[in-house]
Amino acid sequence: MPFKLFIIIFALSMAFTAKAIGVNWGTTASHPLPPSKVVKLLKSNNINKVKLFDTNPLVLQALSGSSIGVTLGIPNGMLRSLNSSRNAAENWVHDNVTRYMSKGGNGVRIEYVAVGDEPFLQTYGEQFHPFVIGAATNIQVALVRANLGSQVRVVVPCSFDTFQSVSNLPSKAHFRSDLNKTMIQLLTFLNKHSAPFFVTISPFITTRQNRNISLDFALFKETAQPHNDSHRTYKNSFDLSYDTVVTALSAVGFPNMEVVVAQIGWPTDGAANATSHLAETFMKGLMNHLHGKFGTPLRTRHLIEAYIFSLLDEDQRSIASGNFERHWGVFTFDGQAKYHVDLGQGSKNLQNAQNVDYLSSKWCVVNNNKDMSNATATALEACSTADCTALSPGGSCFNISWPGNISYSFNSYYQQHDQRAESCDFRGLGLITTVDPSVDHCRFPIELRTSHSNYLRAYCFQGMILLVASLLSHLNLSFT
Ligand SMILES: *[C@@H]1O[C@H](CO)[C@@H](O)[C@H](O)[C@H]1NC(C)=O
Ligand SMILES: *[C@@H]1O[C@H](CO)[C@@H](O)[C@H](O)[C@H]1NC(C)=O
Ligand SMILES: *[C@@H]1O[C@H](CO)[C@@H](O)[C@H](O)[C@H]1NC(C)=O
Ligand SMILES: *[C@@H]1O[C@H](CO)[C@@H](O)[C@H](O)[C@H]1NC(C)=O
Ligand SMILES: *[C@@H]1O[C@H](CO)[C@@H](O)[C@H](O)[C@H]1NC(C)=O
Ligand SMILES: *[C@@H]1O[C@H](CO)[C@@H](O)[C@H](O)[C@H]1NC(C)=O
Ligand SMILES: *[C@@H]1O[C@H](CO)[C@@H](O)[C@H](O)[C@H]1NC(C)=O
Ligand SMILES: *[C@@H]1O[C@H](CO)[C@@H](O)[C@H](O)[C@H]1NC(C)=O
Ligand SMILES: *[C@@H]1O[C@H](CO)[C@@H](O)[C@H](O)[C@H]1NC(C)=O
Ligand SMILES: *[C@@H]1O[C@H](CO)[C@@H](O)[C@H](O)[C@H]1NC(C)=O
């Protein structure tokens, strides 16, 4: 092949593969990074696909005019009404899709609407099952009526527990039996509208739940013991999971349905093996695999579209399935890269968020000179609202020992409450300090200044009082 042609093909394939990788952008944080800064972060790292979990107007405004492809999310709680009312679906599309797209070149490039967020997750029981297909159908009809039927695809993100297999063998995979009927309806719907099947794949959770899946196998290590499935050899957990999905789809008559990996990542805190070092190893392995277009044993040389989970840490995510849930970010909550990986930006180094606005350099710690007999109970109470997940076994602050762990929980509570003085009281046990109490890997974070921060509120309130006082003094009113 002539060298120039090779370069062109190489460049084209790089551009093409880079397009297939996106990120999930969740906002379940007490102090989310401002949307405009997040969009700059996406652009500076050449990330051009993003999956959202709702339709926050500030987020969509920030994405307007960018060329970033967007997946909008419909929360599970809306499925019932969207199933029962076409009108509700039309209003949703009008408010949350049409409005943002019909702005010429300045709109939002909406590619998918995700109906529900893993509505078939086993822990939810069957509460959402009866509404999903109806809601998806009504949204589809509404999109067609808004002339967006050819631009926007309707999808339903599925959790990995939608599938079952015998001894992890892809060839023995099928849908969870309580979902057989619903899945055939879903696949028929997706197929009719040329929409892909969205599914979460999580080697991290698979290796935690299944002792047969080694950590090395999950981490794409060349030295990992392969798994054999009759004549096919699996070298990593990702391929095993992906082909589990492919087999289950084929088994019910959809062998060619496109599979999009809706969420995939590795957390960095709150559990054993959740570290930045292992996350980096996993993400590098994943990116090599995706950029290399190797495909999987059942779909060789296949370009796989995947959304990394997640862009940023979120300190208010539910920890029902584990304390690691708040630490999936490639970036910390404030947009700083945790490790090196090429997500398509063409270098190992990720760009950090710029001009991040933090609260003051102040922390809340426990006052050792006080009676500490009730300190542990007080800290546990703080942890019921604050984020203490770093203190859990295997977490980055598991080591700091008592009473350092008390200080950690006090500080988390104080930061989440915008450093308000009264949020560092703790029945007289709290002490505000300007000396960073962080030790080794255990960082005591300072939260972001956000528009709802107490600082601004206090500032405004003080300003109002001054203004009123000066007006009064000018008017020289007498209250007698
Ligand atoms: C879903 O909507 C359809 C059409 O309105 C309705 O007939 C059906 O009862 C709804 N399903 C549930 C479980 O409410
Ligand atoms: C648009 O989406 C938002 C956020 O998901 C939701 O609160 C709102 O009700 C939606 N609009 C309509 C008309 O359904
Ligand atoms: C683990 O592997 C053994 C031997 O290959 C197999 O018999 C067993 O079913 C596997 N267990 C799970 C949970 O997959
Ligand atoms: C669902 O499908 C699986 C595999 O095809 C089968 O074993 C199971 O019996 C089915 N369950 C129902 C309820 O149809
Ligand atoms: C898997 O298959 C390969 C070759 O296909 C073979 O060398 C290897 O021993 C097999 N591994 C197991 C555990 O059966
Ligand atoms: C993963 O976690 C297990 C359980 O705590 C631990 O024994 C093992 O050393 C960890 N592996 C790595 C590479 O951190
Ligand atoms: C000890 O702390 C708990 C939990 O914060 C609180 O309910 C209780 O009143 C405290 N007891 C004393 C003596 O301060
Ligand atoms: C605990 O502390 C020791 C000594 O400071 C350190 O080597 C180790 O990595 C720490 N473990 C964790 C989980 O932070
Ligand atoms: C702090 O450590 C002590 C002693 O190990 C433990 O009893 C307490 O529950 C810990 N508190 C928190 C908030 O983790
Ligand atoms: C305010 O009014 C009082 C009498 O009501 C007068 O003595 C005083 O000088 C006035 N002050 C100003 C600032 O006008």
Side-chain angles (χ1 to χ4, degrees), residues 74 76-92 115-116 119-120 124-142 156 181-182 185-186 189 203-221 223-225 237 266-285 322-324 327 339 366-367 370-386 388 392-396 398-399 403 405-406 409-410 412-414 422-430 441:
I74 298 182
N76 291 331
M78 293 188 78
L79 296 176
R80 177 192 282 269
S81 73
L82 292 174
N83 168 71
S84 55
S85 159
R86 287 216 160 161
N87 222 2
E90 270 184 22
N91 288 339
W92 190 91
V115 176
F120 305 120
Y124 293 154
E126 299 199 344
Q127 57 177 316
F128 304 119
H129 294 196
F131 312 122
V132 178
I133 313 300
T137 305
N138 286 343
I139 292 289
Q140 175 70 37
V141 169
V156 176
K181 236 183 89 194
T182 312
Q185 288 174 340
L186 173 61
F189 168 85
F204 173 78
I205 289 174
T206 304
T207 181
R208 274 170 71 84
Q209 290 176 345
N210 191 326
R211 274 199 271 154
N212 283 3
I213 305 291
S214 74
L215 189 59
D216 285 356
F217 190 68
L219 292 170
F220 296 91
K221 292 258 182 83
T223 49
Q225 172 82 34
S237 175
W266 197 278
T268 59
D269 208 338
N273 301 139
T275 65
S276 296
H277 178 67
L278 296 184
E280 175 171 302
T281 305
F282 174 77
M283 292 299 293
K284 281 184 171 161
N323 287 333
F324 53 84
H327 305 278
Y339 44 82
V366 69
N367 185 345
K370 294 284 170 73
D371 172 9
M372 302 275 283
S373 56
N374 206 27
T376 295
T378 310
L380 287 177
E381 196 186 13
C383 288
S384 65
T385 53
C388 298
S392 44
S396 59
F398 184 52
N399 251 358
N405 65 348
I406 307 296
S409 54
F410 283 11
S412 175
Y413 187 89
Y414 174 65
E422 69 271 22
S423 63
C424 183
D425 180 37
F426 301 109
R427 296 189 186 81
L429 285 173
H441 292 299

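What you see below is based on every heavy atom in this structure, not just the backbone, and it leaves out hydrogens, waters and symmetry mates. Read the numbers this way: they start at 1 and go in the same order the structure lists the ligands and their atoms.
Ring planes of W266 and F204: perpendicular class, angle over 60° (limits at 30 and 60°).
Atom 14 (O) of ligand 1 is approached by the protein to below 4.0 angstrom, counting heavy atoms only.
The backbone N or O of E381 sits less than 3.5 Å from a side-chain atom of S384, completing a donor-acceptor pair. Not one N or O on the side chain of S392 forms a donor-acceptor pair closer than 3.5 Å with the backbone of G395.
Not a single heavy atom of G134 lies less than 4.0 angstrom from ligand 1.
Under 4.0 angstrom from ligand 6, there are no non-hydrogen atoms of T275.
Distances from atom 8 (C) of ligand 7 to the heavy atoms of L380, T376, T378, N374 show the closest one on N374.
Those atoms of ligand 7 that come under 4.0 Å of a heavy atom in E381, given as number and element, are 4 (C), 5 (O). Atoms of ligand 1 lying under 4.0 Å from at least one heavy atom of F131, given by number and element, are 12 (C), 13 (C), 14 (O). Remark: ligand 1 atoms within the under-4.0 Å shell around heavy atoms of P130 are 13 (C). Numbered from 1 in the order shown, with element, the atoms of ligand 6 that lie under 4.0 Å from a heavy atom of L215 read 11 (N), 12 (C), 13 (C).
Taking the six-membered ring for Trp and the full ring otherwise, the centers of F128 and F120 sit at least 6.0 Å from each other.
Remark: of the listed residues Y414, F410, Y413, Y414 is the sole one forming a side chain to side chain contact (heavy atoms under 4.5 Å, CB included) with C424.
For atom 6 (C) of ligand 6, the nearest non-hydrogen atom of the protein is N273 ND2, 4.4 Å. In this structure, the protein non-hydrogen atom closest to atom 7 (O) of ligand 7 is R427 NH2, 4.0 Å. Considering only non-hydrogen protein atoms, atom 5 (O) of ligand 6 sits nearest to A272 CB, 3.4 Å.
Between D371 and S373, the side chains place a donor N or O and an acceptor N or O closer than 3.5 Å (distance only, hydrogens not considered).
A salt bridge between E280 and K284 is present, with a side-chain N of the basic residue lying under 4.0 Å from a carboxylate O of the acidic one.
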